[in-house]
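Basis for what follows: all heavy atoms, side chains included, without hydrogens, waters or symmetry-related copies. A quick note: this is a predicted structure, and the numbers were derived from the prediction, not measured. By convention in this document, chain letters (A, B, ...) are assigned in the order of the sequence lines, proteins followed by strands, and residues within each chain are numbered from 1.
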There are 2 protein chains.
Amino acid sequence: MKITSSSDSRLPLYQRLSDEWLAKIASGEWQPGEAIPTEAELTQHYGVAVGTVRKAIDCLVNDGLLERNQGRGTFVRRPQFDASFFRFFRQLPATGEQGIPESHILSNRITAPSATVRHALELDADEKVVHLKRLRTIRNGRRFYEDIWLPAKAFHRLAELQPDEFDPLLYPFYEAQCGQIIASAQETLSISTAHDEVAERLQLAEGTPTVRVERIARGYNRKPLEYRIAQGPTEGFRYQIDIN
Amino acid sequence: MKITSSSDSRLPLYQRLSDEWLAKIASGEWQPGEAIPTEAELTQHYGVAVGTVRKAIDCLVNDGLLERNQGRGTFVRRPQFDASFFRFFRQLPATGEQGIPESHILSNRITAPSATVRHALELDADEKVVHLKRLRTIRNGRRFYEDIWLPAKAFHRLAELQPDEFDPLLYPFYEAQCGQIIASAQETLSISTAHDEVAERLQLAEGTPTVRVERIARGYNRKPLEYRIAQGPTEGFRYQIDIN
DNA sequence: GAGTGGTCTAGACCACTAG
DNA sequence: TAGTGGTCTAGACCACTCG
């Protein structure tokens, strides 16, 4: 069996295989939660040795796209890293779960993006975006406010829903509603001040310092799918990172 | 050749090998910057197949401890992640290098640790610490103030030096002076306020909000080697993280 | 040209999972 | 018990580095 993906034939075989399979995951041919073909099947299908198949799978496992289960099979991992964002306002490190913040969508409309948003999402000049405004409440009562922008081309459906039809966890919701899967993200923290709607929604005086977390979330193909700015009060804010 | 490290013999061979080699790196038997024995030598020495040696090396490469160079050899990597801390006060993402912040040691003394410090460094009840106070200045003139605590047992030499003998990059300096190598770290960001010496050194009014970065840095064996609290003004603060 | 790591093969046997 | 991934072997050939 030939490799169909358009990868450079000078690349190592295992690389080309893992590229091929990445494409299958990205396209949805291999669905999150499902098992991929067994090593034996892949070996036979592509006419390569097991070791090569294993090495290709290794790559995708290391990238967090696949998950092996001895005796069961190899599965497409559902990127579940929304959980990792509970570093946001986490009270104490490793203090156990604290549940999903309450979530209230304030608005969901299609708009023309600002230059900043267009740049962050790498949009063409005339592309529209879906703009969500959201208020979240952590268990301890702290709130934060989010502006979320998504390319209308892929996410227009979100503008057609009622605000109360949204799930508190957006990433699985994007997948269910729009077939778009968030695979990675980059966050930038800074300190800002509350103004206008932010101040009002967070019940803070104008100009109060806030923590600001800016996030660009991307799909498997590294294309930006979501640009998000979250702001919340500084008290009790904690953000924890491991570095190697 | 037998494996000398005390690893559980139920573990896979490649695991035991990589544990063994990790110990060699941690103990300094394999020095940073130097090449480790070739795959052929290791294969013969331990009486295992190349594939197994390669897999063991893979583990250490993935953990960032070794670095392969085709045609040259496999080298012990000098953990150089101080650079990654230039996310701290980085002005714009990927705006190019900004050099090493100027650094001024204000004091270096042996003291009895507070309960917090003792806990962070996992010290016994009567253990002492070296306490460094440091003021750093970024190229753009912004300053931040650091308290740094290290177990006196391994770092007492730092208390015997003159403040101006310290290098601006502490981690290579620890290695050179005390033979201690920092391998990983955990940081926690929060928002605090400036008081006393911090306020004075940063020339901020008492109670001004500050960014606070708390760090526990560990050696190869995961034992805490350094506890550090950095505080700086909130303006211009940016901290960027990639998440997968 | 000698030596290094990089890729790839074609098996064997083991440990775990599920029906 | 059949099928899965996990470990391990013993080679082959290639690409790169350096003297």
Is the shortest distance from a Lys or Arg side-chain nitrogen in Glu39(B) or Arg54(B) to a carboxylate oxygen in the other one below 4.0 Å?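 Salt bridge: yes.
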- Message: Under 3.5 Å, is there a donor on one side chain and an acceptor on the other for Arg134(B) and Ser103(B)?
- Response: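 Present: a donor and an acceptor within the cut-off.
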message: Which label fits Tyr239(B) and Phe237(B): parallel for a plane angle under 30°, tilted from 30 to 60°, or perpendicular past 60°?
response: parallel
- Message: Out of the candidates Arg215(A), Glu214(A), Glu122(A), only one should pair with Tyr227(A) under the side chain to side chain donor-acceptor pair (under 3.5 Å) rule; please name it.
- Response: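 The option that passes is Glu214(A).
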In Watson-Crick or G-U wobble terms, with both distances under 3.5 Å, the base opposite dG19(C) is none
Notebook entry, point to check: Between Arg228(A) and Glu146(A), is a salt bridge (charged side-chain N to carboxylate O under 4.0 Å, His left out) present by the stated rule, with each step listed?
Noted result: CA-CA 7 Å; Arg228(A) 184 188 290 211; Glu146(A) 291 178 324; 3.1 Å; yes
Output yes when at least one side-chain N/O atom of [X] is less than 4.0 Å from OP1 or OP2 of [N], else no.
{"X": "Thr52(A)", "N": "dT7(C)", "value": "no"}
{"X": "Lys55(A)", "N": "dC8(C)", "value": "no"}
{"X": "Tyr14(B)", "N": "dC8(D)", "value": "no"}
{"X": "Arg72(A)", "N": "dG5(D)", "value": "no"}

**Item:** Option among Leu150(B), Val130(B), Leu158(B), Leu225(B) that satisfies the side chain to side chain contact (heavy atoms under 4.5 Å, CB included) test with Cys178(B)
**Value:**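 Among Leu150(B), Val130(B), Leu158(B), Leu225(B), the one that satisfies the side chain to side chain contact (heavy atoms under 4.5 Å, CB included) with Cys178(B) is Leu158(B).
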Do Trp21(B) and Tyr46(B) make the cut of ring centroids closer than 6.0 angstrom?
yes
In whole Å, what is the span from the [atom1] atom of [X] to the [atom2] atom of [N]?
{"X": "Ile57(A)", "N": "dT4(D)", "atom1": "CD1", "atom2": "P", "answer": "12 Å"}
{"X": "Gln15(B)", "N": "dT7(D)", "atom1": "CD", "atom2": "P", "answer": "8 Å"}
{"X": "Leu60(B)", "N": "dG5(C)", "atom1": "CG", "atom2": "P", "answer": "14 Å"}
{"X": "Arg16(A)", "N": "dT7(C)", "atom1": "CZ", "atom2": "C1'", "answer": "11 Å"}
{"X": "Gln44(B)", "N": "dT4(C)", "atom1": "CD", "atom2": "P", "answer": "12 Å"}
{"X": "Phe75(A)", "N": "dT4(D)", "atom1": "CZ", "atom2": "P", "answer": "11 Å"}

Please list, by residue number, the residues of residues 30-43 of chain A whose heavy atoms come closer than 4.0 Å to an atom of DNA chain C; answer none if no residue qualifies.
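Nothing qualifies; none.
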[X] side-chain proximity, nearest of [options]:
{"X": "Arg54(B)", "options": "dT9(C), dC18(D), dG5(C)", "answer": "dG5(C)"}
{"X": "Leu13(B)", "options": "dC8(D), dT17(C), dC8(C)", "answer": "dC8(D)"}
{"X": "Thr74(B)", "options": "dT7(C), dG5(C), dG6(D)", "answer": "dG5(C)"}

Residue met sooner reading DNA chain C from 5', once Ala49(A) and Gln70(A) are mapped to nucleotides: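 Of the two residues, Ala49(A) wins.
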5' priority, DNA chain C, between Gly51(A) and Asn69(A) [closest heavy atom]:
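Taking each residue's closest nucleotide, the earlier one in sequence belongs to Gly51(A).
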